[in-house]
Engineer: 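One structure is given below, represented as structure tokens, and several questions about it will come after.
One-based numbering, in listed order, for ligands and for the atoms of each. Since the model is a prediction, treat every value here as computed from it, not as a measurement.
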Amino acid sequence: MYNVPANFINEQKIWDTLKNHQKAENAQVREVLSKAREMKGLNLADVAVLTGISDPEMLGELFNTANEVKETIYGKRLVLFAPLYISNMCSNECVYCAFRATNKDIVRNALSQEHIAREVEVLINQGHKRILMVAGESYPNQGFQYILDSIRTIYSVKTQHGETRRVNVNIAPLSTEEFKLLKSEGIGTYQIFQETYHRETYKTVHLGGKKRDYNWRVWSLHRAMEAGIDDVGIGVLFGLFDYRFEILAMMQHIFELEDKFGVGPHTISVPRLEPATGSDLASHPPFPVSDIDFRKIVAILRLAVPYTGIIMSTRETAKMRRETFALGVSQISAGSRTNPGGYEEETEDDPSGQFSLGDHRPLDEVIRDVASMGYVPSFCTACYRLGRTGRDFMDLAKPGDIKLHCAPNALSSFKEYLQNYAQPETVKTGNELIQKTIAEMDGIARQRAEKLVKRVEAGRDDVYC
Ligand code: SAM
Ligand code: SF4
């Protein structure tokens, strides 16, 4: 059913909308910004207006509005996760990726289940609770069962204080039947990036393997949702094509999912092309995205889909990551390795990694930095474990309700991190932040936060509401 052209990505409509709305007067831009403050999302024309902003004064207004919306909905929370690359074997030929099939410059490795367990142990002992499992599109002899076994292995590892409480997955598109099996292993979010929605460009950067099929990929989230996976994540690899086109196309994808399934994506990822071993294109992006445009992309997405999480990976530098927290980012990775086995080996920017990293700091250093900026690092996984996923999550995701759940849970999970894993300096910064944050809360949220944090102080782990 899903091998027909995906007409919901309507390129002509994107170009027409950009042409008609890109050169808006300041008054029009302000109208869109005031609509965005209502936090009900934006339509295609609104988004086109925002992509056309270049005047520094209007950019400043865009950034301020994004910051307002971010603070109202998400407060100061930032959710932490770690990617876990289990295999860099791949049968595709994506010209920007070090894992592409014909690249002879990297060492290939698909981790055994024992090796995966050791990697997970390292991550748990650092304090991580959320793992994003990542793999190339070619599995060892067990085939797809390798993926299912690996998820089971990740959940099975327990150490003194910890375990993985949510496994998200970023792997190649699956059939509906395979998605059902993935769901039965208890995954959180299934993520897949279209890379580029522009069909012509898609063809020129995907030269071989199953990934050449644009339609198979773009329909994959329909199949995932049909299989019962409520939380899906989308993304674009920025740098391959015009970012204005890509944002509008991503909006068309989001509207389509909302229309068909009553709920859009749980997260959006905004990877920017980074240098990768054996790829000239990765070092010379055909459509480079400047730092200012990158911040603009984050701000526009925050306003366009206010309740969808925005993920910022360690592809970006510490500085850029800091700047985008204020604009709308709600989840970040930390201490990442993109080569299979990289956590146990402690390799930094291994040439066999998928791409170069911009932020090499270990988790504890990132946490200390984030906390000293006033953001509360959160390891919370409550929604997923209480079944608040998909539409239920979006229903809960009203500013008031989020404050009643997410803010207390962020503080208790952060307290758990401080007690079990943090360095003394981080403990000090973190405890001060927890006290200050609770002092600024009121009503039920404050009562809940105080109660949960006290339970952690008394030695209980994994408390949430
Ligand atoms: N192999 C699967 C796929 O391609 O969908 C899933 C995992 S792939 C390892 C994860 C993502 O890494 C890709 O979707 C792509 O957007 C991103 N990526 C690949 N090469 C990159 C590069 N040079 N710089 C930044 N991100 C890159
Ligand atoms: Fe393989 Fe994914 Fe890299 Fe493409 S992006 S070569 S599919 S790992």
Side-chain angles (χ1 to χ4, degrees), residues 83-106 108-110 131-139 144 146-147 150 168-174 178 182 187 189-197 201-202 204-214 216-221 224 232-241 246 250 267-289 294 311-317 320 333 336-340 342 349 351-359:
L84 174 62
Y85 280 71
I86 58 168
S87 163
N88 60 8
M89 287 165 52
C90 195
S91 53
N92 292 321
E93 197 56 33
C94 312
V95 291
Y96 46 79
C97 180
F99 296 173
R100 73 195 157 79
T102 61
N103 187 12
K104 301 273 183 280
D105 299 339
I106 66 164
R108 301 284 167 172
N109 191 8
I131 286 182
L132 170 66
M133 192 185 92
V134 188
E137 187 167 6
S138 167
Y139 309 124
F144 177 60
Y146 173 70
I147 293 293
S150 303
N168 298 330
V169 174
N170 185 332
I171 56 168
L174 305 173
E178 288 169 328
L182 201 64
I187 65 152
T189 309
Y190 170 72
Q191 265 185 17
I192 191 84
F193 311 150
Q194 187 62 24
E195 321 296 12
T196 172
Y197 284 96
T201 306
Y202 190 92
T204 61
V205 295
H206 299 111
L207 301 181
K210 209 169 172 183
K211 193 162 166 180
R212 273 183 68 73
D213 188 345
Y214 179 101
W216 174 248
R217 194 166 182 91
V218 85
W219 285 115
S220 62
L221 294 182
V232 298
I234 62 173
V236 157
L237 184 51
F238 286 102
L240 293 177
F241 191 60
E246 302 287 17
M250 190 145 67
T267 55
I268 297 181
S269 298
V270 288
R272 240 191 327 182
L273 209 49
E274 296 295 335
T277 306
S279 166
D280 282 344
L281 182 115
S283 303
H284 305 97
F287 287 81
V289 175
F294 190 62
I311 300 179
M312 181 68 57
S313 77
T314 53
R315 288 173 180 87
E316 297 297 331
T317 61
M320 177 52 76
S333 49
S336 308
R337 300 284 182 272
T338 66
N339 56 315
D349 239 356
S352 293
Q354 196 193 7
F355 44 76
S356 312
L357 300 177
D359 184 350

Engineer: Out of K211, H206, R217, E137, whose heavy atom sits nearest atom 2 (Fe) of ligand 2?
Structural biologist: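 Of the listed residues, K211 has the closest heavy atom.
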Engineer: Give me the residue, atom name and distance of the protein heavy atom closest to atom 7 (S) of ligand 2.
Structural biologist: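 I find the closest protein heavy atom is N92 ND2, 3.3 Å.
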Engineer: Evaluating non-hydrogen atoms only, which member of R272, K211, E195 is closest to atom 14 (O) of ligand 1?
Structural biologist: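 Nearest option to atom 14 (O) of ligand 1, by heavy atoms: E195.
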Engineer: Classify the contact between Q194 and ligand 1 as side chain, backbone, both or neither, using a heavy-atom distance cut-off of under 4.0 Å.
Structural biologist: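 Under 4.0 Å from ligand 1, Q194 contributes no heavy atoms.
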Engineer: Measure the distance from atom 1 (Fe) of ligand 2 to every protein heavy atom, then report the residue, atom name and distance (to 0.1 Å) of the closest one.
Structural biologist: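 Ranked first by proximity to atom 1 (Fe) of ligand 2 is C90 SG, 2.3 Å.
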Engineer: Below a 4.0 angstrom heavy-atom separation, can you tell me which part of C94, side chain or backbone, both or neither, approaches ligand 1?
Structural biologist: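 The answer is neither; C94 stays 4.0 Å or more away.
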Engineer: Report, in ascending order of atom number, the atoms of ligand 1 lying under 4.0 Å from any heavy atom of A276.
Structural biologist: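 Answer, ordered by atom number: 23 (N).
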Engineer: For ligand 1, is there an N or O atom under 3.5 Å from any N or O atom of E137?
Structural biologist: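 No: no nitrogen or oxygen of E137 is under 3.5 Å from one in ligand 1.
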Engineer: Mark yes or no for whether R100, through its side chain, and G278, through its backbone, hold a donor-acceptor pair below 3.5 Å.
Structural biologist: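 At least one qualifying donor-acceptor pair exists.
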Engineer: At less than 2.8 Å, would any N/O/S atom of C94, backbone or side chain, sit next to atom 1 (Fe) of ligand 2?
Structural biologist: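 False for C94.
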Engineer: Give the contacting part of I192 toward ligand 1: side chain, backbone, both or neither, where contact means a heavy-atom distance below 4.0 Å.
Structural biologist: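 It is the side chain that gets close, since no backbone atom is under 4.0 Å.
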Engineer: What orientation do Y139 and F144 show, parallel under 30°, tilted 30 to 60°, or perpendicular over 60°?
Structural biologist: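 It falls in the tilted class, 30° to 60°.
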Engineer: Could you tell me whether a side-chain N or O of N103 sits under 3.5 Å from a main-chain N or O of T277, the two making a donor and an acceptor?
Structural biologist: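 Present.
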Engineer: Backbone or side chain, does any N or O of A172 fall under 3.5 Å from an N or O of ligand 1?
Structural biologist: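 For ligand 1, there is no N or O atom that lies under 3.5 Å from one belonging to A172.
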Engineer: Could you tell me whether any N, O or S atom belonging to C97 is less than 2.8 Å from atom 3 (Fe) of ligand 2?
Structural biologist: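 Yes, C97 qualifies, because one of its backbone or side-chain N, O or S atoms lies under 2.8 Å.
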Engineer: Could an N or O of ligand 1 be found under 3.5 Å from any N or O of Y85, whether backbone or side chain?
Structural biologist: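 Not met; the criterion fails.
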Engineer: Please answer whether the main-chain N or O of P271 pairs with a side-chain N or O of S269 as donor and acceptor at a distance below 3.5 Å.
Structural biologist: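 It does not hold such a pair.
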Engineer: Between the candidates P173, G209, G136, S91, which shows the shortest non-hydrogen contact distance to atom 8 (S) of ligand 2?
Structural biologist: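 Result: the heavy atom closest to atom 8 (S) of ligand 2 is in G136.
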Engineer: Applying a heavy-atom cut-off of 4.0 Å, say which part of C97 lies close to ligand 1: side chain, backbone, both or neither.
Structural biologist: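 The answer is both, backbone and side chain.
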Engineer: Counting only heavy atoms closer than 4.0 Å, does ligand 1 sit against the backbone of V134, its side chain, both, or neither?
Structural biologist: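 Only the side chain of V134 comes within reach of ligand 1.
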